[in-house]
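Below is one structure; the comments refer to it alone.
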Amino acid sequence: MQPSSVPESTLVDDGGMIVRVRDIELRLWEGLQAAPAGDPHRIYLYKDRRFLTALAAVIDRISPARMVEIGVLTGGSTIYWTERYQVQRMAAFEISPRATLLSQYIERHGLTDRMRVHFGTRQDDVPALVSAIAQDFAGEQIDVILDDASHQYNETRTTLETLLPYVRNGGIYVIEDWAWGHHKNWPPQMWVNQPLMSPLLSELMLVCGRGRGVIDRIDIDPNFAVIWRGPTPLPTDGTFRLTDHYVSRDFQVALPPSRRHPSTVPAR
């Protein structure tokens, strides 16, 4: 993908609950309940102010030109990150078949090349992810990947093992809402039978500690984890596995059953 000129930022964020972008308002939304229906000039962004400010402060250090977002919902965050950094390319993936207000925004402002949204794509659909990344970035490495999709262990891990190899040295891979099962405000009955995300972060810590340059650093926030990519090249043919890059010794990583026994791992 050849560099292209982009206009100056069209986003105005004064630190309040409304962010103005071009001809719309992005309204921050807190809590687990669904936001009210938006309209062509009002789209909800499912983050509170602390979350958004803290994550933006990290990404500001990257000044990304190429981004990926996994999990779009109504598209508020996709618009926010694209316009805040005026990225050359944002590739977004969403399991739902449509996000009407986002699509209208993209069409209305002629952003179909810069913002490419792949609807109807599961985050653990490895062939679909790899095909889209190859098409959208044409071999160029990615600066920032944001996973704000299912927040489930197996799906999140599959996405990370698929896409982390595409992140450039010094770029970041962000796992949002990793601490849902540990947070003081989390309803105890919600997702009670789902594996927690924290064992995945334990594995990433071990990869970092191995010192092979796969992961240089991990920053932990209550709302997200930032994995800083190191200089070691990784295979993009689907063979990268976290377990090949750490030694646990007597440290117990509580992997779900499908990850404890290779024979039970579904074919990917």
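The structure displayed is predicted, hence computed values, not measured ones. Heavy-atom basis, side chains included; hydrogens, waters and symmetry copies ignored.
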Task: Pairs touching residues 59-79 that satisfy ring-ring contact (aromatic ring centres under 6.0 Å, His included), sequence neighbours left out - done: none
- [ ] Please confirm whether the backbone N or O of M90 pairs with a side-chain atom of R114, one donor and one acceptor, at under 3.5 Å?
- [x] no
- [ ] Using a 4.5 Å cut-off on heavy atoms from C-beta on, say whether the side chain of L234 contacts that of V214.
- [x] yes
Task: Crowding at CZ, R98 (>12 non-hydrogen neighbours, <6.0 Å) - done: no
Task: Nearest non-hydrogen partners of R66 and Q141, listed with the distance - done: NE-O, 2.7 Å
Open item on the list: Would the distance check show the side chain of W81 and the main-chain N or O of M67 forming a donor-acceptor pair, the cut-off being under 3.5 Å?
Closed with: no
Taking only distance into account, with no hydrogens and no angle test, what donor-acceptor pairs under 3.5 Å do side-chain atoms of residues 165-175 form with protein atoms, sequence neighbours excluded?
from	atom 1	to	atom 2	distance (Å)
Y166	OH	T236	O	3.4
R168	NE	D143	OD1	2.5
Y173	OH	L160	N	3.2

Open item on the list: For the backbone of F93 and the side chain of T121, can you confirm whether one donor and one acceptor N or O come within less than 3.5 Å of each other?
Closed with: no
Open item on the list: Enumerate the salt bridge (charged side-chain N to carboxylate O under 4.0 Å, His left out) contacts for residues 170-193, please, sequence neighbours excluded, ordered by first and then second residue.
Closed with: K47-E176
Open item on the list: Run the salt bridge (Lys or Arg N to Asp or Glu O under 4.0 Å) test on R157 and E203 for me, step by step, so that the C-alpha distance in whole Å, both residues' side-chain angles and the decisive distance to 0.1 Å come before the verdict.
Closed with: CA-CA 10 Å; R157 183 193 174 114; E203 288 188 275; 2.3 Å; yes
Task: Sequence-distant partners of H245, ring pair (Phe, Tyr, Trp, His ring centres under 6.0 Å), two or more places apart - done: F240
TODO: Go through the structure and list residues passing ring pair (Phe, Tyr, Trp, His ring centres under 6.0 Å) with Y105, not counting sequence neighbours.
DONE: H109
Open item on the list: I'd like to know if the side chain of R229 reaches the main chain of T232, judged simply by a donor and an acceptor atom lying under 3.5 Å from each other, with no hydrogens or angles considered.
Closed with: yes
TODO: May I ask you to list the residues sharing a hydrophobic cluster with Y44, side-chain cutoff 4.5 Å, ordered by chain and number?
DONE: W29, Y46, L73
Task: Contact summary for T78 and T82, nearest pair of heavy atoms - done: O-OG1, 2.8 Å
TODO: Fit a plane to each ring of W178 and H182, take the angle between them on a 0 to 90° scale, and name the class: parallel (under 30°), tilted (30 to 60°) or perpendicular (over 60°).
DONE: tilted
Task: L204 vs I215 side-chain heavy atoms within contact, under 4.5 Å - done: yes
Task: Check: A91 main-chain N/O paired with H118 side-chain donor or acceptor under 3.5 Å - done: no
